Amino acid sequence: MCGRYAITATAERIEQVFDALWETASIDAERGAGAAALAASLAAVTLPRFNVAPTQMCPVVRAGADTSEARDRSTKGGGRGGGETRIVSMMRWGLVPSWADDPAIGNRLINARVETAPSKPSFRSAWKKGRCLVPISHFYEWKKEGSRKQPMAIRAAGEDDLLALAGLWDSWRDGLRSFTILTTEPNELLRSIHDRMPLILPPERWSRWLDPGWSGPDGAEELAEWSKPAPKSLLRAYAVATTVNSPRNDSPECVAPVVA
DNA sequence: CCAGACGTTGTT
DNA sequence: GTCTGG
DNA sequence: CCAGACGTTGTT
DNA sequence: GTCTGG
């Protein structure tokens, strides 16, 4: 599964890689704020994060309102085609369905199985209308070694500092926005660590996944195609210190390799 | 019809 | 909100 | 995911 | 043991 991760990229880097506008930046732009205010709003976003835990607020990339006004305001999106805007929003990790009585319900909905999410009451509406991407630099898995649990960090094999996890988001009482991370079967690398892994989407699938005019993968064949785990060669896994165990520790030590 | 659930993981 | 169970 | 709490009463 | 919080 995926119950903890890191996002070490800067706010600007996230905008660049995902061809998106930070939500606070769009709001400031609407108000006619200057470059200084824009820089300040980006600085207010707490990055980097080395130990993101469920219930915490983190950046999520979603489709923006696809209005001509929004397109005009954005200087981006031209090279991607489709013309849709992308927004980076801060959301709570742990999806709180719109019908929930208590937002604490989201504490357990931090993952959704891609094989079953389309038909689950908690996720079906988000599957159709709330698909998103979760930018991460590393995700953590705890490998069982006898009675011990060895924390492992998994990151892109190359120099890439960002991976995009497939996610779903929903809005609760017009205020709280929250998201969940889709999981799938593990690839050859992750199989030795855990029996599930997050669903990682390659850049060529981002637009389709975010397309608000599409209601998501449908039918067994399409679902299977979207559910395939990332290839082993994309990722690198290594042992890290138990520093990462406590969500209170949010330091570079969390992603630092150790001898297992 | 209304009432009640709605989720994942891991472990046994 | 929407589905299942009684 | 792991860490940490897990209860009531009354008083300040 | 099991639930809540981060």
Side-chain angles (χ1 to χ4, degrees), chain A residues 1-7 46-60 90-130 134 136-155 163 165-186 190-200 215-216 227 229 237-251 253-255:
Chain A
M1 74 173 298
C2 182
R4 214 75 74 76
Y5 67 87
I7 169 68
T46 312
L47 289 171
R49 291 292 312 278
F50 298 93
N51 195 359
V52 178
T55 73
Q56 296 178 345
M57 301 294 286
C58 241
V60 168
M90 295 296 282
M91 298 191 195
R92 181 191 195 268
W93 185 11
L95 188 141
V96 183
S98 57
W99 43 261
D101 294 324
D102 180 351
I105 288 170
N107 293 4
R108 285 174 298 176
L109 304 185
I110 64 171
N111 293 126
R113 299 171 66 91
V114 68
E115 304 92 329
T116 58
S119 60
K120 295 291 184 184
S122 295
F123 304 130
R124 43 181 292 137
S125 74
W127 181 267
K128 288 182 179 171
K129 296 175 292 189
V134 184
I136 70 156
S137 54
H138 311 67
F139 64 92
Y140 299 105
E141 300 285 1
W142 279 259
K143 180 178 184 176
K144 287 189 64 182
E145 296 176 341
S147 59
R148 234 185 81 78
K149 279 192 266 187
Q150 173 64 53
M152 308 285 293
I154 298 93
R155 53 155 292 164
L163 291 172
L165 305 186
L168 304 173
W169 71 279
D170 206 341
S171 190
W172 186 72
R173 298 190 181 176
D174 292 327
L176 180 67
R177 282 198 286 241
S178 58
F179 71 98
T180 191
I181 293 172
L182 293 171
T183 65
T184 192
E185 61 180 331
L190 269 292
R191 195 163 295 138
S192 63
I193 299 173
H194 209 56
D195 63 352
R196 301 291 292 175
M197 69 178 278
L199 182 59
I200 301 167
S215 49
S227 302
Y238 58 93
V240 294
T242 54
T243 305
V244 74
N245 286 14
S246 174
R248 297 170 61 169
N249 299 327
D250 188 3
S251 74
E253 193 181 324
C254 293
V255 298

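Letters A, B, ... mirror the listed sequences (proteins, then strands); counts begin at 1. Quick caveat: nothing in here was measured; it's all calculated off a predicted structure.
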Heavy-atom closest pair, residues [X] and [Y]:
X: A:His138; Y: A:Tyr238; answer: CD2-OH, 3.4 Å
X: A:Cys254; Y: A:Asn249; answer: SG-O, 3.5 Å
X: A:Ala117; Y: A:Leu182; answer: CB-CD2, 4.1 Å

Point to revise | First-last contacting nucleotides on DNA chain D - partner chain A, under 4.0 angstrom, heavy atom | key: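 Listed 5' to 3', the contact boundaries are D:dC1 to D:dG4.
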Applying a 4.0 Å non-hydrogen cut-off, can you work out what [X] is touching in the nucleic acid: base, sugar-phosphate, or nothing?
X: A:Thr180; answer: nothing
X: A:Ile110; answer: base
X: A:Trp99; answer: base

Please report the distance separating the [atom1] of [N] from the corresponding atom of [M], rounded so that it comes out in whole Å.
N: D:dA5; M: B:dG4; atom1: P; result: 35 Å
N: E:dG6; M: B:dC6; atom1: C1'; result: 24 Å
N: B:dT8; M: D:dC1; atom1: C1'; result: 11 Å
N: B:dC2; M: D:dG7; atom1: C1'; result: 37 Å
N: E:dT2; M: D:dT9; atom1: C1'; result: 25 Å

Side-chain contact, heavy-atom cut-off 4.5 Å: [X] with [Y]?
X: A:Phe139; Y: A:Ile200; value: yes
X: A:Lys120; Y: A:Arg113; value: no
X: A:Glu141; Y: A:Pro198; value: yes

Review point. DNA chain B: A:Lys149 or A:Thr116, which has the more 5' nearest nucleotide?
Key: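 This one resolves to A:Thr116.
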Contact list (N/O, under 3.5 angstrom) for nucleotides 1-4 of chain E vs protein:
none

Review point. Between A:Ser137 (side chain) and A:Ala6 (backbone), is there a donor-acceptor pair under 3.5 Å?
Key: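 Checking the backbone N and O of A:Ala6 against the side chain of A:Ser137, a donor-acceptor pair under 3.5 Å is found.
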Review point. Is the backbone N or O of A:Pro103 less than 3.5 Å from a side-chain atom of A:Trp172, with the two atoms forming a donor-acceptor pair by type?
Key: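 No; zero donor-acceptor contacts below 3.5 Å.
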Which value, rounded to the nearest 0.5 Å, describes the distance between [X] atom [atom1] and [Y] atom [atom2]?
X: A:Trp142; Y: A:Asn245; atom1: CH2; atom2: CG; result: 6.0 Å
X: A:Arg191; Y: A:Glu185; atom1: CZ; atom2: CD; result: 6.5 Å
X: A:Trp99; Y: A:Arg173; atom1: CH2; atom2: CZ; result: 12.5 Å

Review point. Across all strands, who's sitting opposite E:dG5 as a Watson-Crick or G-U wobble pair, both distances under 3.5 Å?
Key: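 Pairing partner: D:dC2.
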**Study point:** For DNA chain B, the residues among residues 119-126 of chain A that have a non-hydrogen atom under 4.0 Å from it
**Key:**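 A:Lys120, A:Pro121, A:Ser122, A:Phe123 - these, ordered by number, are the residues of the stretch whose heavy atoms sit under 4.0 Å from the strand.
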